[in-house]
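Written out below as structure tokens is the structure these notes cover.
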Amino acid sequence: MANDALTDANLYDDPFPVYARLRRDDPVAYFEDTKEYLVTRFDDCRTVGSKDKIFGPSASPNRPEARVMGLPNVLSMSGEEHTCLREGIDANLTPERVRSYVDKLTRPVVQRFIDTIRERGEANLTAELFEPISVRCIGDVIGLTETTNENLVEWFHAMALGLHNASNDQAVWDRMDAALEDINTQLAKLYDAALEKPNNTLMSHVMFGGMPEGKVRTLQEIAPTMRVIILGGLQEPGHAAANACAGLLSSPDQAKAMADNPSEHALTAFDEGLRWIAPIGVTPRVSREDFELAGVKIPAGSSVAIVMGSANRDESRFENADRFDMFRKKKQHVSFGFRPHFCSGHFLSRAMGEIALEETFRQLPNLRLDPDKEVQGKGWRFRGVSVLPAKWDA
């Protein structure tokens, strides 16, 4: 029987039984381990997410996000400062801009990694296909074209472990700090290059975007935001694709439909994967005043977590919510967060994920789960299918 007690270990191993109990019995639950209120029902999450003047972005130095990313960052900012920074981040991520480059960016990378595994007939699709595709493409968008895939993957794994380090394990902090030191070194090189000659990398856009003529943000100003982009951006498209693929392969009928017409179903399947397992499962807020929600008084100054991973499984919103179903009636999920902090990279993520799933099911015939190995997932602030053992006809 699944363990639904509210503990960090249960959330990390499998949060969904915990979320189901909280939605039923304790929808605004104070979590002592992280000193925050977990908001788990869809409508309550939407209430918190839509009331930005009451539940503003959290700039608390005591939250794990501050320890990992640093402050201030784009997620902790509000008002004109946030709008100005988003102008730089969003410049090359509009639907029109993404459509102009996503094929050239993504398809060669997808092909490279499919070619690497195709003849073997089996692989962990997360670690050997979807993660490498994601980190390479997003790394290149940021400007990290000379940074190896192995390096990029280590960055986001080390940072994600830091976010989940409620037990204060020093080995986890040491690993994360080593990754952050490496990130800072490489960001400094990108910064110097763009300072000398502005370019079309995301790093350059964040440096100059929204600034008055002749002005540039300092490296110290943008480093925390770049770490947010690195952590969220490197892993989110790959884990969303892996989650969707796991859902498809767990349903032979859906897998067959996908294989029969991948171009028709790829985007729908990717979006259902985002709902089924939200890659970024939590977004933090802070209550600026006393507020009552679901019968619970949240005092002013409290940390509040919008648990998107739970909202997307809310039975009152989605029928058979625990089931992956790419044919379900379209309803908006909350995996990309809420405005004004709605994810800048949502269009790029969807476009990349569509290509990755489409080509995977087109080029790996009779793709199926490996019956001798176990699908495994981990995490709750960031969650993904970490082991996706699959076979195909080589």
Side-chain angles (χ1 to χ4, degrees), residues 11 14-20 22-24 27 38-50 125-126 130 134 232-233 235-251 253-255 257-258 262 264-283 305-339 341-343 345-358 360-361 375 377-386 388:
L11 288 170
D14 182 2
F16 298 113
V18 184
Y19 293 159
L22 293 180
R23 287 194 303 272
R24 183 184 68 243
L38 304 185
V39 180
T40 52
R41 289 178 180 168
F42 185 93
D43 287 343
D44 292 337
C45 286
R46 191 161 54 182
T47 294
V48 174
S50 65
L125 293 182
T126 299
F130 295 121
S134 182
Q235 65 86 33
E236 192 272 343
H239 286 175
N243 298 344
C245 188
L248 287 165
L249 297 183
S250 67
S251 170
D253 289 347
Q254 292 184 74
M258 180 71 180
E264 178 181 346
H265 297 302
L267 184 56
T268 303
F270 183 78
D271 208 55
E272 171 64 355
L274 284 166
R275 182 207 66 83
W276 187 51
I277 303 176
I280 301 174
V282 173
T283 188
I306 303 173
V307 188
M308 291 102 75
S310 174
N312 287 344
R313 296 278 188 111
D314 191 330
E315 305 83 349
S316 69
R317 170 75 175 179
F318 302 101
E319 188 176 353
N320 296 318
D322 287 332
R323 180 175 183 267
F324 178 94
D325 182 5
M326 70 174 176
F327 299 118
R328 72 170 60 248
K329 183 179 179 181
K330 176 76 172 177
K331 285 187 177 180
Q332 185 179 8
H333 57 71
V334 293
S335 290
F336 288 119
F338 302 87
R339 299 195 183 282
H341 291 88
F342 194 79
C343 175
H346 70 99
F347 195 83
L348 177 58
S349 176
R350 283 189 164 111
M352 284 175 52
E354 178 182 14
I355 292 169
L357 284 177
E358 177 186 342
T360 297
F361 277 83
V375 175
K378 62 182 181 180
W380 64 286
R381 292 190 183 280
F382 283 72
R383 184 163 184 86
V385 173
S386 53
L388 180 53

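Start at 1 with the first residue, then count along the sequence.
Taking the side chain as every heavy atom from C-beta outward, Asp44 and Val39 approach each other to under 4.5 Å. Contact annotation: the side chain of Leu248 approaches that of Phe361 to within less than 4.5 Å [non-hydrogen atoms, C-beta and beyond]. Phe336 is listed as a side-chain neighbour of Glu236, based on a closest heavy-atom distance under 4.5 Å. The shortest side-chain heavy-atom distance between Pro279 and Asn243 falls under the 4.5 Å cut-off. A 4.5 Å side-chain heavy-atom check between Ser335 and Ile280 finds every atom pair outside the cut-off. Counting heavy atoms from C-beta on, the side chains of Phe16 and Arg383 come closer than 4.5 Å. The shortest side-chain heavy-atom distance between Asn312 and Val334 falls under the 4.5 Å cut-off.
Of the possible donor and acceptor atoms, none in the side chain of Thr40 sits under 3.5 Å from a partner among the backbone N and O of Ser310. Without hydrogens or angle criteria, Trp276 side chain to Asp322 main chain gives a donor-acceptor distance under 3.5 Å. Side-chain N or O atoms of Lys378 include none that pairs as donor or acceptor with a backbone N or O of Val385 at under 3.5 Å. Side chain of Gln254 to backbone of Phe324: a donor-acceptor contact under 3.5 angstrom is found. Distance alone, capped at 3.5 Å, places no donor-acceptor pair between the Ser134 side chain and the Phe130 backbone.
Once rounded to the nearest 0.5 Å, the distance linking CE of Met326 with NE2 of His265 reads 4.5 Å. Between the OH atom in Tyr19 and the CG atom in Asp314 there is a gap of 13.5 Å [rounded to 0.5 Å]. A distance of 11.5 Å separates CG in Asp271 from NE2 in His346, rounded to the nearest 0.5 Å. A distance of 4.5 Å separates CG of Leu388 from OG1 of Thr126, quoted to the nearest 0.5 Å.
Of the residues Thr268, Leu357, Asp253, Leu249, the one that meets the side-chain contact (heavy atoms from CB on, under 4.5 Å) test with Met258 is Leu357.
For the side-chain contact (heavy atoms from CB on, under 4.5 Å) test, residues two or more places apart in sequence or in another chain that qualify with Arg24 are Arg21. Under the salt bridge (Lys or Arg N to Asp or Glu O under 4.0 Å) criterion, Lys329 pairs with no residue, sequence neighbours left out. Listed by chain and number, the residues in a salt bridge (Lys or Arg N to Asp or Glu O under 4.0 Å) with Arg275 are Glu272 (sequence neighbours excluded). The salt bridge (Lys or Arg N to Asp or Glu O under 4.0 Å) test applied to Arg46 returns Asp43, not counting sequence neighbours. Partners of Glu319 according to the side chain to side chain donor-acceptor pair (under 3.5 Å) rule, which considers only residues two or more places apart in sequence or in another chain, do not exist here. Scanning for salt bridge (Lys or Arg N to Asp or Glu O under 4.0 Å) contacts around Arg23 gives Glu315, with sequence neighbours left out.
Cation-pi check for Arg313 over Phe318 is not met; the charged atom does not lie both under 6.0 angstrom from the ring centroid and within 45 degrees of its normal.
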Task: Working for side chain to side chain contact (heavy atoms under 4.5 Å, CB included), residues Phe338 and Val48 - done: CA-CA 9 Å; Phe338 302 87; Val48 174; over 6 Å; no

Open item on the list: Before you tell me yes or no, could you show the steps for Phe42 and His333 under ring-ring contact (aromatic ring centres under 6.0 Å, His included), namely the whole-Å CA-CA distance, both residues' side-chain angles and the distance that decides it to 0.1 Å?
Closed with: CA-CA 9 Å; Phe42 185 93; His333 57 71; 9.4 Å; no

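Residues Phe382 and His239 place their aromatic rings such that the two centres sit no closer than 6.0 Å.
Nearest approach of Gly232 to Pro237, heavy atoms of both residues: O-CD, 4.4 Å. A pairwise comparison of heavy atoms in Asn320 and Arg328 identifies O-NH2, 3.2 Å as the closest pair. For the pair Phe270 and Ala244, the tightest heavy-atom approach, listed with the atom from each and the gap, is CA-CB, 4.0 Å. The two atoms that bring Asp14 and Val18 nearest to each other are O-CG2, 4.2 Å, heavy atoms only. Scanning both residues, Val282 and Met308, for their nearest heavy atoms gives C-SD, 3.9 Å.
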